[in-house]
Protein chains: 2
Amino acid sequence: MEETVEGLDRFPHPHLAVDIALLTLHAGALHALLLRRTEAPFAGALSLPGSFVRVREAVDAAAARVLAEKCGLRDVFLEQLFTFGDVKRDPRGRVVSVAHYALVPAARLQAVMTAYDLQLLRIVVPWPLHQGGAVQVVGEDQKAVRLAFDHADILGTTVQRLRGKIDYAPVGFELLPPQFTLLDLLEVHQAVLGRELNKDSFRRRLLSSGLLSATGRQRSGVAYRPAALFRFRATGRGKGKKA
Amino acid sequence: MEETVEGLDRFPHPHLAVDIALLTLHAGALHALLLRRTEAPFAGALSLPGSFVRVREAVDAAAARVLAEKCGLRDVFLEQLFTFGDVKRDPRGRVVSVAHYALVPAARLQAVMTAYDLQLLRIVVPWPLHQGGAVQVVGEDQKAVRLAFDHADILGTTVQRLRGKIDYAPVGFELLPPQFTLLDLLEVHQAVLGRELNKDSFRRRLLSSGLLSATGRQRSGVAYRPAALFRFRATGRGKGKKA
DNA sequence: GCAGCATATATGCTACATGCATGGAAGAGA
DNA sequence: TCTCTTCCATGCATGTAGCATATATGCTGC
């Protein structure tokens, strides 16, 4: 098989990249994983990890490679999000980006944060969050931080996708450690949806959903009645994770 | 602004295309718009309309251009679907395709079917329709027709997207003429979802959704009690259509 | 014109999910 | 042992979907 399309290579065509919007839950709020750019354009600004797609590399493989190379992360939840194809989204020239989103429990990031020089910034969702709109990220001083390229749009689209998906797909578990309480899971849903949920309805719905399996263990170290620990139940066709 | 990314142009990079999965409702069943290829690869086979993305053209603009140039259709519902990025999806070389899907009432296709040499084939959805799986299209002899490239996968993903979206987004109207009865709309939903729906619940849900506005007119020419004709109510922020 | 017919439309009933309130259960600490 | 706080179970009101039934309506054949 040839590597190129005959007769078309002499014409300029768009470059193709992948960008990864990696979200995690930290202190009860959604945070995005960002890294600081060292080269122009947007030198010094924060951006999503990304890379150009190689000519012999599948797009989803490129996304997994970015997570491995730039963040030291493998075997995390990773799905394609949306392709951003505006002509002027990259000042260097024509670059189309196939954005992906990844979900990781905060505990897994501890080890790689400093080794890979990563930043974790809180996501502030404007209200209302319009279709395809951007979100803000804020640093520890709670000041808004400007992101490179259209990466604020990518994060906004990610939050929107999560909100639409968390009610019918088991994605909340991806933000939690293997064992968790129902309140942990509730807080994940609340952080994603940006609103409070009824505890009792949530409990009944999740317990009757068949997605949870009791571990028989309990949360230890709490001053009051300990909550039961659950585990996500793999439903036959894998755990919804991609390599 | 430059057209290219400095330092990278000497390296081969993937080509970028758009493909359009245009669906319509014909004889109570979903049909896909296809055209017959005249050149290799897959010469003689049916394929989705598509094109390479030009370097000064936004991806969504390329999708609209394909519909205009190859099908004579403008101002139809058109949204990005998914980007297909396998290395071997095109035998000519590395071509990544940003698939889109379009929805058009069958009446609008009458005029362009022959002028643009288009084919309308019925979509047969396997059961169950697994994540990202392909569907079959059948000709008038009810025999399965093999599509070029991974276009059967694209159609499968389209049906799946529609099924997830039709319950909370007003996409069913895109497959109907401006005025329609509740039974028309019900049949659209049934064709998309692949199962029967309760008439009364559907009626109540739609009437109380605020999406419909009565025209005061009735379906004429039926032998029995005529049904009221409704129109889709534009809800302020446009009609959900893209150019 | 009138009875018959097939569908449209309205209404009532049941089952179930959700929001909310109440009360017992469980473990830690005084 | 008592108290505190949260977990967890249960009961009730409400809203919606599925289902059945009754009425409305316009056409057809006589």
Return the polar atom pairs (N/O with N/O) between nucleotides 21-24 of chain C and the protein under 3.5 Å, or none.
{"unit_1": "C/dG24", "atom_1": "N2", "unit_2": "A/R225", "atom_2": "NH1", "d": "3.2"}

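Side-chain contact between B/F77 and B/F173: absent, with no pair of heavy atoms (C-beta onward) separated by less than 4.5 Å. Looking at A/V98 and A/Q80, their side chains come closer than 4.5 Å, going by heavy atoms from C-beta outward.
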Derivation and outcome, side chain to side chain contact (heavy atoms under 4.5 Å, CB included), residues B/L22 and B/L109: CA-CA 11 Å; B/L22 187 146; B/L109 293 178; 4.3 Å; yes
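Applying the side-chain contact (heavy atoms from CB on, under 4.5 Å) test between B/L33 and each of B/L118, B/V104, B/L48, B/V112 identifies B/L118 as the sole match.
Nucleic acid contact for A/L183: sugar-phosphate only, since backbone atoms but no base atoms lie under 4.0 Å from a heavy atom of the residue. B/R204 comes within 4.0 angstrom of a base, heavy atoms only.
With salt bridges taken as basic N to acidic carboxylate O contacts below 4.0 Å, one links A/K165 and A/E79. The pair B/D19-B/R89 meets the salt-bridge criterion, since a charged nitrogen lies less than 4.0 angstrom from a carboxylate oxygen.
Paired regions of DNA chain C, where each region holds three or more successive Watson-Crick or G-U pairs whose two hydrogen-bonding distances fall under 3.5 Å, are C:1-30 with D:1-30.
The 5' end of DNA chain C is approached more closely, in terms of each residue's nearest nucleotide, by B/R203 than by the other of A/R205 and B/R203. Each of A/A223 and A/F202 has a nearest nucleotide on DNA chain C; the 5'-most of these lies closest to A/F202. Two residues, B/N198 and A/F230, neighbour DNA chain D, and the one matched to the more 5' nucleotide by heavy-atom proximity is A/F230.
The nucleotide range of DNA chain D contacted by chain A, defined by atoms under 4.0 angstrom from heavy atoms of the protein and reported 5' to 3', is D/dT5 to D/dG11.
Rounded to an integer number of Å, the gap from A/L207 CG to C/dT18 P is 12 Å.
In this structure, CD in B/E196 is found 8.5 Å from CG in B/L186, a value given to the nearest 0.5 Å.
Closest of all the heavy-atom pairs between B/L175 and B/T24 is CD2-CA, 3.6 Å.
A/R122 and A/Q142 are linked by a side-chain donor-acceptor pair at a separation below 3.5 angstrom, with hydrogens and angles left out of the test.
More than 12 heavy atoms of other residues, nucleotides or ligands lie within 6.0 Å of CZ in B/R36, so this atom counts as buried by the packing criterion.
By the 30° and 60° cut-offs, the orientation of the rings of A/F82 relative to A/F84 is perpendicular.
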